[in-house]
A.B. asks: 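Below: one structure in structure tokens.
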Amino acid sequence: MREQHKPRITFYFQVHQPYRLRHYGVFEIGSHSQYFHEEKNKDIVQKVGKKCYLPTNRLMLYLLKKHPDFKISYSITGVALEQFEQYYPEVFESFKKLLRHERVEVLGETYYHSLSFLYSRKEFIEQVEMHRSIVKELFFKRPKTFRNTELIYSDELAKTVEELGFKTILAEGADHILGWRSPNYVYKARGADIKLLLKNYRLSDDIAFRFSNTNWEEYPLTAEKYAAWLNAVNGETINLFMDYETFGEHQWAETGIFRFMERLPDEVKKYGMGFATPTEISRLEAKDELSYPHYVSWADMERDLSAWLGNPLQDNAIQELYKLERYVKSLNDPEITAIWRKLQTSDHFYYMCTKWFSDGDVHKYFNPYDTPYEGFIAFMNVLNDLAILIGKKFKERIGDAADKLFQQDSRIVMTDKPSMLVSRIIK
Amino acid sequence: MLGWEYPPMITGGLGVACEAISRHLGLKGLRVVFFIPTGGHLHKKGVDVYGIDSLVLKQRGVKRIYIDSLLTPYLSEQSYREVYLKVLNINRNRDIKKLYGPQLFEEIELFTARVALLSRAFDFDIIHAHDWMTYPAGILVKKLTGKPLVVHIHATEFDRTGGHGVNPRVYEIEKQGFQTADKIIAVSNYTKSILIEKYGIDPSKIVVVHNAMEPGGKYEKKIIKPSDKIVLFVGRITLQKGPEYFIRAAKRVLEHDPNVKFVVIGTGDMEPRMIEEAARLGISKHVLFGGFMPREEVMAAYRAADLYVMPSVSEPFGLTALEAAIQGVPVIVSKQSGVSEVLNHALKVDFWDIEAMAQKILAVLNYRTLNHMLRRHGRIEAMQQTWDRQVDKIISVYREVLSKNARAA
């Protein structure tokens with residue numbers, strides 16, 4: 001039958017909200033005030049909750065009910081779930097209901113949406129395990145498919161993730177890796193027994209980025225037109241990977257994005273096309289083995305790590321953060337560990353990116369700071385304060401009155417090497 | 001071209017900009033005749049040139065016509081009166097009263113008439129007038145010849161006064177200039193918005209051409225200096241430049257780090273008050289007033305500094321920030337400045353926000369990565385802001401007004 005050769009549509013949505021920092025002041029270093037901007041984080045969760053999460057969840061539940069073959073998958077970070085529970089319980093409950101649905105697959109990732117794989121394998125594994133537990137606890141599922149932060153991927157990552165028991169992993173369908181190949185088949189990772197699913201970035205970005213762009217020649221994009229494009233695709237799977245906030249937040253309700261999504265299952269059905277989850281689709285045989293010797297992500301034109309790493313500000317900040325790991329781990333103080341981990345969320349380094357000075361305004365749109373420099377200063381102020389806090393806790397452990405150290409004069413200890421600050425304090 | 005000052009006799013950024021614009025126009029094949037008031041310099045030098053038979057200097061396609069006049073930049077009615085009386089006093093044997101106006105606005109009228117008379121000796125296509133004192137001359141020449149008028153605005157009365165005590169006659173002259181002009185060139189979007197909000201000027205009439213620098217500014221190795229970190233202020237010590245915010249931020253920084261020296265270079269009417277303020281705050285030991293310095297020494301000061309701060313209350317552009325960046329020093333500029341529109345690799349702060357200013361100063365002095373990044377990228381960015389590029393924008397303004405004029409005729 002001809003229908004069997006039609007590709008299946010594999011949707012994956014990313015749900016994430018970072019704990020944004022306050023503009024932590026220089027003069028606050030040593031005072032151990034609140035690092036995170038509770039009010040702003042709450043506002044954003046509530047705003048996005050109203051505009052995106054609640055209506056989109058409702059729509060997806062409706063589609064799941066209406067179309068018995070409709071399937072979707074989600075990856076939702078631990079930090080997002082924590083904030084939903086705290087700031088918008090209705091959203092939290094709504095995700096619980098949706099992600100428990102049998103035709104919804106839940107993916108694994110790092111709990112903190114971190115870049116830990118690049119800096120500490122030990123920390124990476126701990127965060128993947130943490131995420132696994134919360135998914136189990138809230139959605140009663142054990143993730144079999146993995147997606148790393150910002151779809152950052154390499155052969156090495158595939159190996160580690162396979163060892164953690166995952167069967168499938170997602171990556172960007174980057175042109176320079178695929179070459180003549182198509183993203184619309186199942187592949188196998190080089191050097192690991194794990195299936196590889198690649199984002200079809202053209203068709204994904206048609207929805208995620210171009211949907212409401214009036215300058216786009218295809219504007220307006222209707223479900224009917226889009227279904228015809230999907231039907232024209234050769235292959236076995238069309239991997240549509242995108243931020244969940246596409247619905248209602250990046251693309252406002254007024255753009256017609258909800259109506260588009262609501263219509264889409266009907267329209268693809270006309271062509272005899274259906275849906276699949278990542279785990280389902282990866283049961284197909286791998287067409288080839290693909291090697292990603294270098295890191296590839298789904299961000300910007302470069303599809304590399306340059307949105308988060310590479311400029312001196314970013315490198316300084318993240319290296320110092322991970323240099324604190326041994327102190328944090330040996331202290332084993334749950335509160336300190338949680339703070340340290342929240343600082344690992346990739347967004348903090350994204351805010352320090354200076355690329356957008358020359359190209360594009362995407363970064364600016366997502367940036368709570370006026371400039372990347374402000375992002376760096378706030379982050380480093382926090383890191384200095386945290387280093388002092390860690391030092392104090394160490395002193396307390398061994399019975400020294402560490403506070404004395406800092407009460408003697410009001411001078412600020414401030415350095416771009418906070419890790420050395422800790423070692424100086426505990427010496 | 002009509003201006004108030006021209007190197008080497010300058011007191012501010014206006015003269016620097018006028019010289020660079022004229023020279024680059026000359027290099028691009030245009031002929032420039034630049035009318036400048038002598039500002040009484042001729043008296044001081046003992047050159048016996050009076051009246052309209054003025055000094056003509058020619059250089060690289062730019063002809064400078066010095067018109068005898070007591071006008072100098074940044075005059076007020078009061079300070080003009082002082083100059084006038086002084087000249088009157090020195091030259092008792094001459095008929096000074098016939099040569100110069102007893103009041104500022106009368107002297108401007110005289111200057112205007114002399115420019116109009118002299119301009120008849122030249123063939124030109126466009127009148128380009130820089131800042132208010134020359135606008136009446138620009139307007140008059142436009143009336144007499146029907147040639148299009150471009151007015152260039154480097155600073156408004158609101159910038160000079162910080163919005164307090166705006167002189168209504170100056171305001172009126174500025175407004176007339178803006179209204180009569182065929183096109184207005186503003187040195188920043190910041191200035192453009194003042195023209196729209198305070199003068200009610202049609203935005204479509206205003207083109208922004210940011211100021212610039214000459215490429216390849218000399219950059220020498222950093223000089224050896226004491227262990228204290230140096231934070232620099234360069235500019236006239238006047239209300240407009242916000243020196244008091246610099247002093248107050250210094251106080252806040254010193255509370256936490258006494259190993260910093262704050263250096264103020266420049267003079268101005270607020271200097272005594274600032275010295276007192278530093279004493280009152282008990283930081284005199286850490287705030288050094290260097291007075292006026294020749295350009296070479298200012299450049300050396302940039303190179304010695306760890307940070308340059310420009311806390312201007314209202315700064316149409318702020319060329320010193322570009323100069324500092326080119327010398328490889330990190331820069332903090334007030335958000336109320338035009339230069340903040342062209343520098344991405346600089347920290348920005350509201351001039352009144354002492355707390356934020358102090359925090360940013362401490363951050364730049366203590367986070368070496370930040371310091372290096374601002375140094376390196378700020379320099380590259382400032383070097384790209386060249387007059388060669390900016391003057392092309394001015395030439396397209398000329399083309400536009402010429403074609404409009406031709407169609408009208």
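Heavy-atom basis, side chains included; hydrogens, waters and symmetry copies ignored. Note on naming: letters A, B, ... go to the chains in the order of the sequence lines (proteins, then strands), and numbering restarts at 1 for each one.
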A.B. asks: If I measure from the heavy atoms of chain A, does B/H345 come under 4.5 Å with its side chain, its backbone, both, or neither?
C.D. replies: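 Contact with chain A is through both the backbone and side chain of B/H345.
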A.B. asks: For residues A/P312 and B/R376, report the shortest heavy-atom separation together with the two atoms involved.
C.D. replies: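 Taking every non-hydrogen atom into account, CG-NH2, 4.4 Å.
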A.B. asks: Taking the side chain as everything from C-beta on, heavy atoms only, tell me whether A/T354 gets closer than 4.5 Å to B/M373.
C.D. replies: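 Side-chain contact under 4.5 Å: yes.
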A.B. asks: Who passes side chain to side chain donor-acceptor pair (under 3.5 Å) against A/H37, sequence neighbours left out?
C.D. replies: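 Partners of A/H37 under the side chain to side chain donor-acceptor pair (under 3.5 Å) test: none.
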A.B. asks: Would you find more than 12 non-hydrogen atoms of other residues, nucleotides or ligands less than 6.0 Å from B/K198 atom NZ?
C.D. replies: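 Check fails, neighbour count at 12 or below.
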A.B. asks: More than 12 foreign heavy atoms under 6.0 Å from NZ of B/K393: is that the case here?
C.D. replies: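 Enclosed: over 12 neighbouring heavy atoms sit under 6.0 Å from NZ of B/K393.
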A.B. asks: Using only non-hydrogen atoms and a strict under-4.5 angstrom cutoff, which residues of residues 335-343 of chain A touch chain B?
C.D. replies: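 Counting heavy atoms that sit under 4.5 Å from chain B, no residue of residues 335-343 of chain A is involved.
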A.B. asks: Between B/L365, B/L370, B/V364, which has the largest tally of heavy atom pairs under 4.5 Å with chain A?
C.D. replies: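 Counting heavy-atom pairs under 4.5 Å, the top option is B/L370.
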A.B. asks: Do the side chains of B/R252 and A/F27 get nearer than 4.5 Å, heavy atoms only?
C.D. replies: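 They are in side-chain contact.
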A.B. asks: Rounded to the nearest 0.5 Å, how far apart are CG of B/N344 and OG1 of A/T371?
C.D. replies: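 Rounded to the nearest 0.5 Å, the CG-OG1 separation comes out at 9.0 Å.
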A.B. asks: Under 3.5 Å, which donor-acceptor pairs do the side chains of residues 379-386 of chain A form with other protein atoms, sequence neighbours left out?
C.D. replies:
residue, atom, partner, partner atom, Å
A/N381, OD1, B/Y367, OH, 2.6
A/N381, ND2, A/Y24, O, 2.8
A/N381, ND2, A/I377, O, 3.3
A/N384, OD1, A/T415, N, 3.0
A/N384, ND2, A/M380, O, 2.8
A/N384, ND2, A/T415, O, 2.9
A/N384, ND2, B/Y367, OH, 3.1
A/D385, OD1, A/Y24, OH, 3.1
A/D385, OD1, A/G30, N, 2.6
A/D385, OD1, A/S31, N, 3.3
A/D385, OD1, A/H32, N, 3.0
A/D385, OD1, A/H32, ND1, 3.3
A/D385, OD2, A/H32, ND1, 2.8
A/D385, OD2, A/Y35, OH, 2.5

A.B. asks: Take A/Y373 and B/K360 through the side-chain contact (heavy atoms from CB on, under 4.5 Å) test and state the conclusion after the steps.
C.D. replies: CA-CA 10 Å; A/Y373 288 108; B/K360 283 180 177 157; over 6 Å; no
A.B. asks: Report which part of B/E381 has an atom under 4.5 Å of a heavy atom belonging to chain A: side chain, backbone, both, or neither.
C.D. replies: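 Neither part.
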A.B. asks: How about residues 313-331 of chain A versus chain B: which residues have heavy atoms under 4.5 Å apart?
C.D. replies: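 Within residues 313-331 of chain A, near chain B: A/L313, A/N316.
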A.B. asks: Roughly how far apart are B/K348 NZ and A/E374 CD, rounded to 0.5 Å?
C.D. replies: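 The NZ atom of B/K348 sits 9.5 Å away from the CD atom of A/E374.
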A.B. asks: Answer yes or no: does atom CD of A/E39 have more than 12 heavy-atom neighbours from other residues, nucleotides or ligands under 6.0 Å?
C.D. replies: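 12 or below, so no.
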